[in-house]
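Following: one structure in structure tokens, then a few remarks.
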Amino acid sequence: MSTKIVLKFFRSNRIYRPSEPVEGKIVVNSPSSISHHGIRLSVTGSVSLQVRGGSAGVIESFYGVVKPITIVNKSIEVKPPGKIGSGTTELPFTMVLKQIGEKSLGRFYETFHGTDVSIQYLFTVDIARGYLYKSLSATTEVIVESDKADVLERPVSPEMAIFCITQDTQRHPLLPEIKSGGFRVTGRISTLCSLLDPISGELTVETSAVPISSIDIHLLRVESVLVGEKIVTETSLIQTTQIADGDVCRNLTLPIYVILPRLLTCPSVFAGPFSIEFKVSIVISFQSELSKLHKKSDPRTPRLWLAMETLPLELVRTRRGDL
């Protein structure tokens with residue numbers, strides 16, 4: 001049986017603000033007593049940036065990974081050199097990511113897992129054991145949200161955008177029967193939204209000569225990275241929420257309700273080396289034999305049997321009462 005180390009945080013969801021104390025315990029399970037040269041706990045926070053060949057040019061692909069942006073890098077001594085007895089040993093710890101008056105290495109952005117931009121805060125415990133023994137370590141990620149002073153008061157109502165989708169608003173070719181028969185879909189959807197609230201709105205199919213097979217709401221992220229003097233931008237799909245399956249009754253108002261995924265969204269960011277933006281796309285799929293042959297097609301790509309409307313979406317962090 002080998003020695004095992006686990007980092008346990010007192011807050012089960014591991015969501016913290018930079019100025020809050022992060023409390024927990026280091027649990028060491030060892031079949032025998034071990035000597036060590038000290039036990040340290042460190043936290044590193046950084047913005048990892050990279051560009052991919054699919055969206056970048058030859059020069060950008062050569063660089064591959066852009067130098068990361070360090071947000072925080074600090075450590076504390078949990079236990080001085082000595083011994084850990086056999087069995088289970090628990091060592092409590094407390095660490096604050098950003099002390100009052102302390103100058104940080106960079107701005108504390110919220111945790112985000114994207115395609116080209118990743119913002120992570122990692123806690124690592126290290127037990128140094130000298131040259132003859134391999135050091136023991138364990139790493140766990142915590143989720144960081146904006147400090148109370150940096151968030152907005154809850155908006156009274158989100159900003160709503162009015163949309164009207166017809167055969168004439170499409171910038172890509174449509175099937176002849178869809179183009180000639182015509183359709184009209186109207187509604188409204190929130191374009192300024194708190195991360196604590198769903199994307200809301202409503203939609204009405206007023207007319208459609210061709211039967212509808214599905215209506216979906218796509219949540220998109222737009223990540224931009226500065227490489228040299230060029231900005232490389234990539235748009236990727238986060239999630240799809242279906243709001244109608246099959247042909248829709250005409251003039252029936254359908255509610256739009258999309259819950260935002262936590263780790264894949266964050267407040268919209270416009271920084272110098274990078275930016276994180278979001279879009280929401282309303283996609284109407286019409287019944288067509290052609291669509292059955294392309295079931296695995298990219299939902300972001302305009303197709304002959306699709307009608308779509310894409311709008312910018314600004315996400316903000318608002319106050320909440322649980323923390």
Side-chain angles (χ1 to χ4, degrees), residues 7 9 11-18 20 22 42-56 60-61 63-73 97-98 104-124 138-147 150-151 193-199 217-227 231-241 258-281 298-300 312-318 320 323:
L7 270 171
F9 296 85
R11 192 173 289 177
S12 59
N13 58 13
R14 303 201 310 276
I15 298 177
Y16 297 91
R17 296 189 173 104
E20 293 178 332
V22 180
S42 61
V43 58
T44 57
S46 62
V47 183
S48 300
L49 306 173
Q50 66 178 359
V51 293
R52 301 175 183 271
S55 61
E60 292 79 7
S61 298
Y63 283 102
V65 178
V66 185
K67 184 179 180 181
I69 301 170
T70 301
I71 299 172
V72 61
N73 187 1
L97 295 175
K98 183 180 180 181
S104 59
L105 297 174
R107 173 185 166 187
F108 276 84
Y109 301 103
E110 290 203 9
T111 296
F112 174 75
H113 293 174
T115 303
D116 294 337
V117 180
S118 182
I119 305 172
Q120 283 186 296
Y121 298 85
L122 301 174
F123 274 78
T124 301
T139 299
T140 303
E141 180 182 11
V142 298
I143 313 303
V144 172
E145 294 185 352
S146 302
D147 263 322
D150 299 327
V151 301
C193 186
S194 166
L195 286 161
L196 301 176
D197 300 324
I199 300 173
I217 304 296
H218 295 324
L219 179 60
L220 309 171
R221 62 187 168 210
V222 183
E223 301 166 80
S224 299
V225 178
L226 180 63
V227 183
I231 297 176
V232 179
T233 300
E234 182 169 350
T235 301
S236 56
L237 177 67
I238 297 178
Q239 72 174 22
T240 296
T241 303
V258 178
I259 297 176
L260 298 170
R262 172 58 191 93
L263 294 180
L264 303 180
T265 56
C266 67
S268 301
V269 177
F270 299 93
F274 71 98
S275 66
I276 304 171
E277 303 171 74
F278 300 92
K279 291 182 179 181
V280 60
S281 183
D298 190 335
R300 298 169 298 164
L313 173 66
E314 181 180 358
L315 299 181
V316 297
R317 174 70 60 190
T318 57
R320 63 180 181 182
L323 292 178

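Please read these numbers as outputs of a predicted model, since none were measured by experiment.
- Taking a 6.0 Å sphere around CG of Leu263, one finds it holds more than 12 heavy atoms contributed by other residues, nucleotides or ligands.
- Considering every non-hydrogen atom in both Val142 and Thr111, the closest pair reads O-OG1, 3.8 Å.
- Residues Leu237 and Leu220 come closest through the heavy atom pair CD1-CD2, 3.7 Å.
- Distance check, rounded to the nearest 0.5 Å: CD1 of Ile119 to OG of Ser46 gives 9.5 Å.
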Report the C-alpha distance between Arg262 and Glu110 in whole Å, list the side-chain angles of each, state the deciding distance to 0.1 Å, and finish with yes or no for salt bridge (charged side-chain N to carboxylate O under 4.0 Å, His left out).
CA-CA 10 Å; Arg262 172 58 191 93; Glu110 290 203 9; 3.6 Å; yes
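- At a threshold of 4.5 Å between non-hydrogen side-chain atoms, the residues Val225 and Ile231 do not count as touching.
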Start with the C-alpha gap between Leu49 and Ile69, add the side-chain angles, then the distance that decides, and say whether side-chain contact (heavy atoms from CB on, under 4.5 Å) holds.
CA-CA 8 Å; Leu49 306 173; Ile69 301 170; 4.2 Å; yes
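- Thr318 and Ser194 are linked by a side-chain donor-acceptor pair at a separation below 3.5 angstrom, with hydrogens and angles left out of the test.
- Using a 4.5 Å heavy-atom threshold, the side chains of Phe108 and Asp147 count as separate.
- A 4.5 Å side-chain heavy-atom check between Leu122 and Val43 finds every atom pair outside the cut-off.
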Decide yes or no on side-chain contact (heavy atoms from CB on, under 4.5 Å) for Val47 and Phe274, but give the supporting numbers first.
CA-CA 9 Å; Val47 183; Phe274 71 98; 3.9 Å; yes
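- Glu223 contributes a side-chain N or O that, together with a main-chain N or O of Val117, makes up a donor-acceptor pair within less than 3.5 Å.
- Between Ile276 and Cys266 the shortest side-chain heavy-atom distance falls below 4.5 Å.
- Within the 4.5 Å cutoff, the side chain of Gln120 has no heavy atoms near those of the Phe112 side chain.
- Val258 is listed as a side-chain neighbour of Gln239, based on a closest heavy-atom distance under 4.5 Å.
- Paired with Glu145 under the rule salt bridge (charged side-chain N to carboxylate O under 4.0 Å, His left out), one option of Arg317, Arg11, Arg17 passes, and it is Arg317.
- Ile199 places a side-chain heavy atom less than 4.5 Å from the side chain of Leu260.
- Here the OG1-CZ distance, from Thr115 to Arg221, works out to 3.5 Å after rounding to the nearest 0.5 Å.
- Between the OG atom in Ser48 and the NE2 atom in His113 there is a gap of 9.5 Å [rounded to 0.5 Å].
- Rounding to the nearest 0.5 Å gives a distance of 6.5 Å between CG of Leu219 and CG of Leu313.
- Between Phe123 and Phe9, the ring planes are perpendicular. Angles over 60° get that label, and only those under 30° would be called parallel.
- Here the closest non-hydrogen pair linking Val222 and Thr233 is CG1-CG2, 3.5 Å.
- When all heavy atoms of Gly45 and Tyr121 are compared, the closest pair comes out as CA-CD2, 3.7 Å.
- Of all the heavy atoms in Tyr109 and Val144, the pair that sits closest is O-CG1, 4.4 Å.
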Determine whether Ser268 and Phe278 satisfy the following criterion, side-chain contact (heavy atoms from CB on, under 4.5 Å), listing intermediate values before the conclusion.
CA-CA 7 Å; Ser268 301; Phe278 300 92; 4.0 Å; yes
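- Scanning for side chain to side chain donor-acceptor pair (under 3.5 Å) contacts around Thr240 gives His218, with sequence neighbours left out.
- To the nearest 0.5 Å, atom CD1 of residue Ile238 and atom CG of residue Leu264 are 6.0 Å apart.
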Verify side-chain contact (heavy atoms from CB on, under 4.5 Å) between Cys193 and Leu315, making sure each step is shown before the conclusion.
CA-CA 5 Å; Cys193 186; Leu315 299 181; 4.0 Å; yes
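- If you take OG1 on Thr265 and CD1 on Ile259, they are separated by 11.5 Å, rounding to the nearest 0.5 Å.
- The shortest non-hydrogen separation linking Ser146 to Pro18 is C-CD, 4.4 Å.
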